[in-house]
Number of protein chains: 2
Amino acid sequence: MDFNKVIDLLKNSGYKLTNQRKIIIEALYHSDKPISMEEWLLLTKDKNPGINLSTIYRNIDVLEDLGLLEKIRPKDDSIKYTLNLMENHSHFLICKRCGKAEAIECCLSKEFKKVIEDKEFDLIEHNLELYGYCKECHNELDKK
Amino acid sequence: MDFNKVIDLLKNSGYKLTNQRKIIIEALYHSDKPISMEEWLLLTKDKNPGINLSTIYRNIDVLEDLGLLEKIRPKDDSIKYTLNLMENHSHFLICKRCGKAEAIECCLSKEFKKVIEDKEFDLIEHNLELYGYCKECHNELDKK
DNA sequence: ATTTCTGCAAAGGGTTTGCACGTAT
DNA sequence: ATACGTGCAAACCCTTTGCAGAAAT
């Protein structure tokens, strides 16, 4: 989904397009990885120093309402945010060193689904986070 | 791992076995599902009404140090705790209605691993949470 | 004109911490 | 005897909220 589609969805849902809102969403949209609240604030203040933290928090609600926000909660108890624009459900390969996150398409295995089915469990949603080292960081670490 | 093994591990790691600590760990040990801090406190107060919240929080650190604690962070932003006693890496089928959690063994599919390998990503660990309705709750919901 | 949105500051709620006392070893 | 652990209360920090003014429709 391109940025204009996001804005259209926003407007069509009855939300107003303010300067702050645009900047807040843009920051997430252009980030290549999930970001923390602190990073999000810095990115927005870069474009409009007057933006208040609470405005971002309030826009989290908006993005959640639109179904566009993905909250990632790593094992380190931090919270990171990213836009969920993919039509297919996806997951992230998260680098433990540089923090870069790359989306990959979901594919729970057939055997996995079979195990769940056998337990007569009605699976609605799932959450998968994969941690390791990206190619670049792996190479860097090897050098040492 | 049975309860005495947990206690042995605790002692062998240099921690003292206090009445509170025993009760706190026992509560988790005997729960058949991951519990919230509130539930944990109630379970411990049941055995020793004087136990303080901060004591549980401090014992979380101990259990994490021992590698025995599993923190589950559902999409609803809550945090639940459970002991991780299985030797095999496992995941939970978590019921969205009754909260019951059942461990299942891990099996990332071969295709999944292939995708990751192709990206030359060095996978270290992963975290999978599966949400839905258990058989019983599914039946209950059908009745309505 | 009307409704929604924002900045500000204060309140809230879960978690952590300092300290003096208590307990396990 | 000593080091570790606990209860209590205060401190912390992130997030939420009430309000009055500002901006979008």
Side-chain angles (χ1 to χ4, degrees), chain A residues 4 6-28 34-66 68-69 71-81, chain B residues 4 6-28 34-66 68-69 71-81:
Chain A
N4 289 328
V6 174
I7 297 304
D8 286 346
L9 176 57
L10 183 78
K11 288 181 166 180
N12 294 336
S13 302
Y15 291 109
K16 291 178 177 172
L17 180 62
T18 62
N19 169 267
Q20 292 94 325
R21 186 164 281 163
K22 182 151 175 271
I23 289 171
I24 288 168
I25 299 173
E26 239 164 5
L28 251 203
I35 57 178
S36 67
M37 178 53 65
E38 200 182 340
E39 293 169 312
W40 203 353
L41 183 62
L42 288 175
L43 287 170
T44 55
K45 289 228 175 204
D46 208 46
K47 294 280 174 61
N48 175 343
I51 286 185
N52 193 277
L53 231 198
S54 62
T55 302
I56 301 185
Y57 278 112
R58 281 193 269 236
N59 275 293
I60 283 178
D61 296 340
V62 173
L63 289 171
E64 285 190 321
D65 180 42
L66 299 177
L68 295 178
L69 194 72
K71 275 192 199 177
I72 296 179
R73 289 143 50 88
K75 295 263 186 194
D76 65 4
D77 289 348
S78 64
I79 301 180
K80 302 210 169 182
Y81 304 90
Chain B
N4 289 328
V6 174
I7 298 303
D8 286 348
L9 176 57
L10 183 78
K11 288 182 167 180
N12 294 336
S13 302
Y15 292 110
K16 291 178 176 169
L17 180 62
T18 63
N19 171 267
Q20 292 93 326
R21 186 164 281 162
K22 182 150 174 274
I23 289 172
I24 288 167
I25 299 174
E26 239 164 5
L28 251 203
I35 57 179
S36 65
M37 176 53 66
E38 198 184 340
E39 293 169 313
W40 203 353
L41 183 62
L42 287 176
L43 287 171
T44 56
K45 289 230 175 203
D46 208 45
K47 295 282 175 60
N48 176 341
I51 287 185
N52 193 277
L53 231 198
S54 63
T55 301
I56 301 184
Y57 278 112
R58 282 191 270 233
N59 275 293
I60 284 178
D61 296 341
V62 172
L63 290 171
E64 285 190 321
D65 179 41
L66 299 177
L68 294 178
L69 194 71
K71 278 191 198 179
I72 295 179
R73 304 180 232 4
K75 296 265 184 192
D76 65 4
D77 289 349
S78 65
I79 301 181
K80 301 209 170 184
Y81 305 89

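Chain naming here is simple, since letters A, B, ... match the order of the sequence lines and numbering starts at 1 in each. Hydrogens, waters and symmetry mates are skipped; everything else that's a heavy atom, side chains included, is used.
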How many whole angstroms separate atom [atom1] of [X] from atom [atom2] of [N]?
{"X": "B:Lys80", "N": "C:dG14", "atom1": "NZ", "atom2": "C1'", "answer": "16 Å"}
{"X": "B:Arg73", "N": "C:dG14", "atom1": "CZ", "atom2": "P", "answer": "18 Å"}
{"X": "A:Asp65", "N": "C:dC5", "atom1": "CG", "atom2": "P", "answer": "11 Å"}
{"X": "B:Ile56", "N": "C:dT16", "atom1": "CD1", "atom2": "C1'", "answer": "14 Å"}
{"X": "B:Asn59", "N": "C:dT17", "atom1": "CG", "atom2": "P", "answer": "15 Å"}
{"X": "B:Lys22", "N": "D:dT6", "atom1": "NZ", "atom2": "P", "answer": "14 Å"}
{"X": "B:Ile79", "N": "C:dG13", "atom1": "CD1", "atom2": "C1'", "answer": "13 Å"}
{"X": "B:Ile60", "N": "C:dT16", "atom1": "CD1", "atom2": "C1'", "answer": "11 Å"}

May I ask you to say what [X] touches in the nucleic acid, namely base, sugar-phosphate or nothing, with a heavy-atom cut-off under 4.0 Å?
{"X": "B:Asn19", "value": "nothing"}
{"X": "A:Arg58", "value": "base"}
{"X": "A:Asp77", "value": "nothing"}

Query raised in the report: Which residues within residues 7-18 of chain A lie with some heavy atom under 4.0 Å of an atom in DNA chain C?
Result: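 DNA chain C contact set from residues 7-18 of chain A: A:Tyr15, A:Lys16, A:Thr18.
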
Query - Stepwise side chain to side chain contact (heavy atoms under 4.5 Å, CB included) check, B:Leu41 with B:Ile56 - result: CA-CA 8 Å; B:Leu41 183 62; B:Ile56 301 184; 3.8 Å; yes

Query - Under-4.0 Å side-chain N/O to phosphate OP1/OP2 contact, A:Gln20 with C:dG7 - result: yes

Query raised in the report: Can you check whether A:Arg21 has a side-chain N or O nearer than 4.0 Å to OP1 or OP2 of C:dT6?
Result: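 For A:Arg21, the contact criterion (side-chain N or O under 4.0 Å from OP1 or OP2 of C:dT6) is met.
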
Looking at every non-hydrogen atom in both residues, tell me the closest pair between [X] and [Y] and how far apart they are.
{"X": "B:Arg21", "Y": "B:Lys16", "result": "NH1-O, 2.7 Å"}
{"X": "B:Lys45", "Y": "B:Ile51", "result": "CE-O, 3.2 Å"}
{"X": "B:Leu53", "Y": "B:Met37", "result": "CD2-SD, 3.7 Å"}

Query raised in the report: Is A:Lys71 atom NZ crowded by more than 12 heavy atoms from other residues, nucleotides or ligands, each under 6.0 Å away?
Result: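 Enclosed.
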
**Report entry** Main-chain N/O of A:Leu42 paired to A:Asp46 side chain as donor or acceptor, under 3.5 Å
**Finding:**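 Between the backbone of A:Leu42 and the side chain of A:Asp46 there is no qualifying donor-acceptor contact (under 3.5 Å).
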
**Report entry** Residues that B:Tyr81 engages under ring pair (Phe, Tyr, Trp, His ring centres under 6.0 Å), provided they are two or more places apart
**Finding:**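 Partners of B:Tyr81 under the ring pair (Phe, Tyr, Trp, His ring centres under 6.0 Å) test: B:Trp40.
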
Report task. Show the numbers, then the answer: is there a side chain to side chain contact (heavy atoms under 4.5 Å, CB included) between A:Asp77 and B:Ile79? Result -> CA-CA 10 Å; A:Asp77 289 348; B:Ile79 301 181; 5.5 Å; no

Report task. Start with the C-alpha distance between B:Leu63 and B:Leu28, add both sets of side-chain angles, then the distance that settles side chain to side chain contact (heavy atoms under 4.5 Å, CB included), and finish with yes or no. Result -> CA-CA 11 Å; B:Leu63 290 171; B:Leu28 251 203; 4.3 Å; yes

Query raised in the report: Counting only non-hydrogen atoms, which of residues 44-54 of chain B are less than 4.0 Å from DNA chain D?
Result: B:Gly50, B:Ile51, B:Asn52, B:Ser54

